[in-house]
Number of protein chains: 2
Amino acid sequence: MPPPTRAARKSPRSYHHGNLRRALLDEALATIRTEGVEGVTLRDIGARLGVSRTALYRHFADKRALLAAVATEGFGMLRQRLVAAWEEGGRGDAAFHAMGVAYVRFAVDNPAHYRVIFGGFVDPRAKEPELAIEAQGAFQALVDAVAALQRDGVFLKDDPVHMATYSWTLVHGIAMLAIDGQLPEPIGVDELLRYSFKRMRTGILAEPPGPRAKR
Amino acid sequence: MPPPTRAARKSPRSYHHGNLRRALLDEALATIRTEGVEGVTLRDIGARLGVSRTALYRHFADKRALLAAVATEGFGMLRQRLVAAWEEGGRGDAAFHAMGVAYVRFAVDNPAHYRVIFGGFVDPRAKEPELAIEAQGAFQALVDAVAALQRDGVFLKDDPVHMATYSWTLVHGIAMLAIDGQLPEPIGVDELLRYSFKRMRTGILAEPPGPRAKR
DNA sequence: AACCTATGTTGACACTGGCAACATTGGGAG
DNA sequence: CTCCCAATGTTGCCAGTGTCAACATAGGTT
């Protein structure tokens, strides 16, 4: 029995691989991490696994489907980290901030992977149901946190989906601009995150509206 | 003299084109609009202009440089629309909202072009000085608006660059998720924009902080 | 033991970006 | 006015890519 670690590479004598789909996903992700998306080549990935260039087609419809699967796994990792940050952070106000930090950190630590997820390589509206499900799961983690904070009277009792979407777009924007290197020179990611959360909480207006009305 | 419109396509008898660089940019952008970035092919673009496949290399170092130039022009258009929204909107609170709407509308109306700008096809930190300049220009439009509103006592007197960056990330996030089709089902872009601006102004906390203190 | 389906391989094709060598200009120096 | 040269456009060619069709092999089921 081969050791459980390093089980990805095919043992030289066996014709069948055993778990090629898994190995392909891992190898694709590794390549994405080191070379970027455009470095992903079906031939290279096959070669690295000791397998022919078209073996992949027994497990994925085409290259796009492989990338879609990588993106799907990315959403899973993201959800995992968000939930961990929320729970380990104590499910309170600070934990919400921790979720934001965890989100941006995931993107900044895995820029190419993040780009596969959100770079338009795959369309959740298209026939990729698993991707849509995983995306929904990650988003739900955020909605749950917002709803909890609303219940506890920390956040105002808005529609939680709207509020979660609002904060999602914020961290997503920060992550994207950071990855692209489009943030204004002197501002770092951590600093921007701190500032943004402060402003998100209390707003940007000079005069807070008087007795809190409907609007 | 050929009519000024439709002057892009080369007149069949002339060996030299006259303004091939301009025509290449226009044709590339048109292709990006209709087919997406991955539909951009040097051969096709050349053919459509009645020019050979490698003529482009006299005007751009390679394909990436062409896309970078397209991105640079995109930043220019963006700045133009932001400034227009700000000025036509009356340079006040409402005009700031109009800028946000204009920003997202540009992205949603030209998703592929927007993706060329922000999809990591080009790195402003790399040796693309014109791109960095145009990007800076578009961002400056936002900073100016924020600074003006701070001067007028509408926004609190923070560092304008931080505040501008904050709002930039917000609209950028909305635009990106909208383009990707990642917004939660029932929420439309316009609705999300309205909601987000409301929250950005007054914050998401249930209890506004008492007498406005340092923090 | 026979076989059938899932899995992996080989050969071929059209298409891509890019280089090197060549062709054709038009405008400026004499 | 002439000559020539730098700028611009072209052709031939190459390695590399994703994908399909036809073939090969193996492992489990009957």
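So you know, we letter chains A, B, ... as the sequences are listed, proteins then strands, and number each from 1. Note that the coordinates shown come from a computational prediction; the quantities given were computed from them, not determined experimentally.
- Residues meeting the side-chain hydrogen bond (donor to acceptor under 3.5 Å, both in side chains) test with B:D93, sequence neighbours left out: B:R201.
- A heavy atom lying under 4.0 Å from DNA chain D marks the following residues of residues 37-45 of chain A, by number: A:V40, A:T41, A:L42, A:R43.
- Side-chain proximity of A:H59 to D:dG9, C:dT7, C:dG18: nearest is C:dT7.
- For A:Y57, counting side-chain heavy atoms from C-beta on, the closest listed nucleotide (D:dG18, C:dG18, C:dG8) is D:dG18.
- The distance between atom CZ of B:F60 and atom C1' of D:dG9, rounded to the nearest whole Å, is 15 Å.
- Side-chain contact check for A:M176 versus A:F118: some heavy-atom pair is nearer than 4.5 Å.
- Under 3.5 Å, the side chain of B:R53 and the base of C:dT16 form no donor-acceptor pair of N or O atoms.
- Listed by first then second residue, pairs satisfying side chain to side chain donor-acceptor pair (under 3.5 Å) with a partner in residues 177-190 of chain A read A:R115-A:D180, not counting sequence neighbours.
- When all heavy atoms are compared, the tightest approach of B:V161 to A:I187 is CG1-CD1, 3.7 Å.
- Across the helix from C:dA1-D:dT30 to C:dG30-D:dC1, the helix axis at one end is tilted relative to the axis at the other end by 0° (nearest 10 degrees, each axis from five pairs).
- A:L56 places its CG atom 14 Å from the C1' atom of D:dC20, with the value rounded to the nearest Å.
- Residues passing the side-chain hydrogen bond (donor to acceptor under 3.5 Å, both in side chains) test with B:R64, sequence neighbours excluded: B:E128.
- Listed by chain and residue number, B:R91 satisfy the salt bridge (Lys or Arg N to Asp or Glu O under 4.0 Å) test with B:E87 (two or more places apart in sequence, or in another chain).
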Only pairs under 3.5 Å count here: list side-chain donor-acceptor contacts from residues 70-85 of chain A, not counting sequence neighbours, and write none if there are none.
{"residue": "A:T72", "atom": "OG1", "partner": "A:A68", "partner atom": "O", "Å": "2.8"}
{"residue": "A:E73", "atom": "OE1", "partner": "A:R22", "partner atom": "NH2", "Å": "3.0"}
{"residue": "A:E73", "atom": "OE2", "partner": "A:R22", "partner atom": "NH1", "Å": "2.9"}
{"residue": "A:E73", "atom": "OE2", "partner": "A:R22", "partner atom": "NH2", "Å": "3.3"}

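- For the side-chain hydrogen bond (donor to acceptor under 3.5 Å, both in side chains) test, no residue two or more places apart in sequence or in another chain qualifies with B:H59.
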Under 3.5 Å, sequence neighbours excluded: what are the donor-acceptor pairs made by side chains of residues 95-105 of chain B?
{"residue": "B:Y103", "atom": "OH", "partner": "B:Y114", "partner atom": "OH", "Å": "2.6"}

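- For residues 62-74 of chain B, proximity to DNA chain D is found at no residue, defined as any non-hydrogen atom under 4.0 angstrom from a strand atom.
- Between the CZ atom of A:R58 and the P atom of C:dA6 there is a distance of 11 Å, rounded to whole Å.
- Residues passing the side-chain hydrogen bond (donor to acceptor under 3.5 Å, both in side chains) test with A:H113, sequence neighbours excluded: none.
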Side-chain donor-acceptor contacts of residues 129-141 of chain B below 3.5 Å, not counting sequence neighbours, with atom names and distances?
{"residue": "B:Q136", "atom": "NE2", "partner": "B:Q140", "partner atom": "OE1", "Å": "3.2"}
{"residue": "B:Q140", "atom": "NE2", "partner": "B:D144", "partner atom": "OD1", "Å": "3.0"}

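- Whole-Å rounding puts the A:E35 CD to D:dG16 P distance at 15 Å.
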